[in-house]
Amino acid sequence: MIHHLIPRVLSKLLIPFIVLFGFYVQFHGDFGPGGGFQAGVIVAAGIILYALIYGLDAAETVISPGVVGVIMALGLLLYAGVGVATMALGAEFLNYNALDSHDPVHGQHMGILIIEFGVGVTVAAVMLTIFFKFADRLKLIRDLEQMHGDDEDVR
Amino acid sequence: MNWEAIINIVLLALLVVITLGILRLRNLFAVVMLSGIFSLIMASVFTVLDAVDVAFTEAAVGAGISTILALSTLALIDNRREKVPSRLRFMPLLVSVATGAALLWAMGGLPPVGAPDTPAQQHVAPYYIQQAPQEIDVPNLVTAVLASYRGFDTLGEVAVIFTAGVGVMFLLGTLPAIGARPRRRKEGEEE
């Protein structure tokens, strides 16, 4: 972890811009290309780059895997919750017109913003979860190898 | 010949070269890196086709995260080289060539790229294009269709992604107990 000076410096410069670009894609999705899916993946890629350069422990300090698992579900619940909210307001499931009783178009804007945020959060959390699980597995296998010696097949 | 055609030909030729490389190579690390490059060039192809949304996704998922996950898998498994098949199998080759030939033959029946009178553009697309500015008023029509007109579909897609995450959590759960506990107990009994 002491080596790789150039990737460390470069990634330190790039990661804030990657995450910022992710947020731009997230909240600018109504106007330009992009949206929740793309934004979630870009943010997750930034954090994964951080984990690759600075180590898994540093990344898990930034975002703990437990929290990631929770917000993974929260994003989907937020999306489905908008649908339940519109039903409670007397419209069909996911009919955002109901979100603003005076201006249906504004209701659509709000609905799209909220559900895109839910999509982005879920996608980013799922990508991070998959990466963390793969990387944790490697650590676990190395621990077991040390515990049992190299001859034993712990895989 | 215009520039777009030249760019397309170069990109598609690169895709063919990379595919042949993936087929020929037996070093798994090289294959993973080549498939990442394949995804990156595919993202360029999508950009040329004006599908920037898809290009974003392809570059981030295909070239970025998939490559890293495949490399993590290579770190987990022991053998770095795929076993070379002992003999050439003709049946799979025949099926592949026949499928490819059928697809090439069917390509002649396809409408030109971007033609407005294709069957796909006759159904609901005119409604979306005419009504979205009044009903949704979002400049990006793709977002309007994905999030509003087809919000339920997108909810399903998010549920699929969520399910994938849960599946990986179950399969690769980091409980060391699964592998370690019986062995430890056995050692204790022997002592």
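Numbers restart at 1 for each chain; the letters A, B, ... are given by sequence-line order, proteins then strands.
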- Query: Same cluster for B/Val145 and B/Phe152 if Ile/Leu/Val/Met/Phe/Trp/Tyr side chains link at under 4.5 Å?
  - Reply: yes

Scored by heavy-atom pairs under 4.5 Å with chain A, the best of B/Thr73, B/Thr57, B/Leu69 is B/Leu69

Going hydrophobic residue to hydrophobic residue with side-chain gaps under 4.5 angstrom, can you get from B/Val10 over to B/Phe38?
yes

Max heavy-atom pairs within cutoff under 4.5 Å with chain A, candidates B/Ala164, B/Ala144, B/Gly151, B/Ser72, goes to B/Gly151

Contact list (residues 72-81 of chain A to chain B, heavy-atom gap under 4.5 Å, by number) returns A/Met72, A/Ala73, A/Leu76, A/Tyr79, A/Ala80

Nearest heavy-atom contact between B/Phe162 and A/Thr122 is CB-CG2, 4.3 Å

For B/Gly165 and A/Thr129, the nearest pair of non-hydrogen atoms, with its separation, is O-CG2, 4.4 Å

Turns out that what part of B/Ile65 lies under 4.5 Å from chain A's heavy atoms comes down to side chain

Around A/Phe134, counting heavy atoms of other residues, nucleotides and ligands shown, do more than 12 lie under 6.0 Å from its CZ?
yes

Side-chain touch B/Thr154/A/Phe37, heavy atoms, less than 4.5 angstrom
yes

Among B/Val54, B/Leu155, B/Leu146, the residue with the most heavy-atom pairs under 4.5 Å to chain A is B/Leu155

Heavy atoms of B/Ala147 and A/Glu116 approach each other most closely as CB-OE2, 4.1 Å

Subject >> Co-membership, hydrophobic cluster, residues B/Leu49 and B/Leu11, 4.5 Å side-chain >> reply: yes

Under 4.5 Å to a heavy atom of chain A? For B/Ile161 that would be both

Within residues 89-104 of chain A, the residues sitting under 4.5 Å from chain B by heavy atom, in sequence order, are A/Phe93, A/Leu94, A/Tyr96

Applying a strict 4.5 Å limit to non-hydrogen atoms, the region of A/Ile48 in contact with chain B is side chain

So, the part of A/Val25 with a heavy atom under 4.5 Å from chain B: the answer is side chain

Tightest non-hydrogen contact, residues B/Ala60 and A/Val41, listed as CB-CG1, 3.2 Å

Looking only at heavy atoms, the pair that brings A/Phe131 and B/Ile68 closest together is CE1-CG2, 3.7 Å

Is it the case that over 12 heavy atoms from other parts of the model lie below 6.0 angstrom from the OH atom of A/Tyr24? no

Against chain A, residues from residues 129-143 of chain B with at least one heavy atom under 4.5 Å, in numeric order, are B/Gln134, B/Glu135, B/Ile136, B/Asp137, B/Val138, B/Pro139, B/Asn140, B/Thr143

- request: Tell me, yes or no, whether the heavy-atom count around A/Ile6 atom CD1, taken from other residues, nucleotides or ligands under 6.0 Å, exceeds 12.
  value: no

Could you state whether B/Val48 and B/Ile18 fall into the same hydrophobic cluster, counting links through intermediate Ile, Leu, Val, Met, Phe, Trp or Tyr residues with side-chain heavy atoms under 4.5 angstrom apart?
yes

In terms of hydrophobic clusters joined by side-chain contacts under 4.5 Å, are B/Leu93 and B/Leu23 together?
no

Salt bridge (charged side-chain N to carboxylate O under 4.0 Å, His left out) filter on A/Asp57, not counting sequence neighbours, yields A/Lys139

Closest non-hydrogen atoms of A/Gln108 and B/Ser148, given as atom of the first, atom of the second and distance, are OE1-OG, 2.6 Å

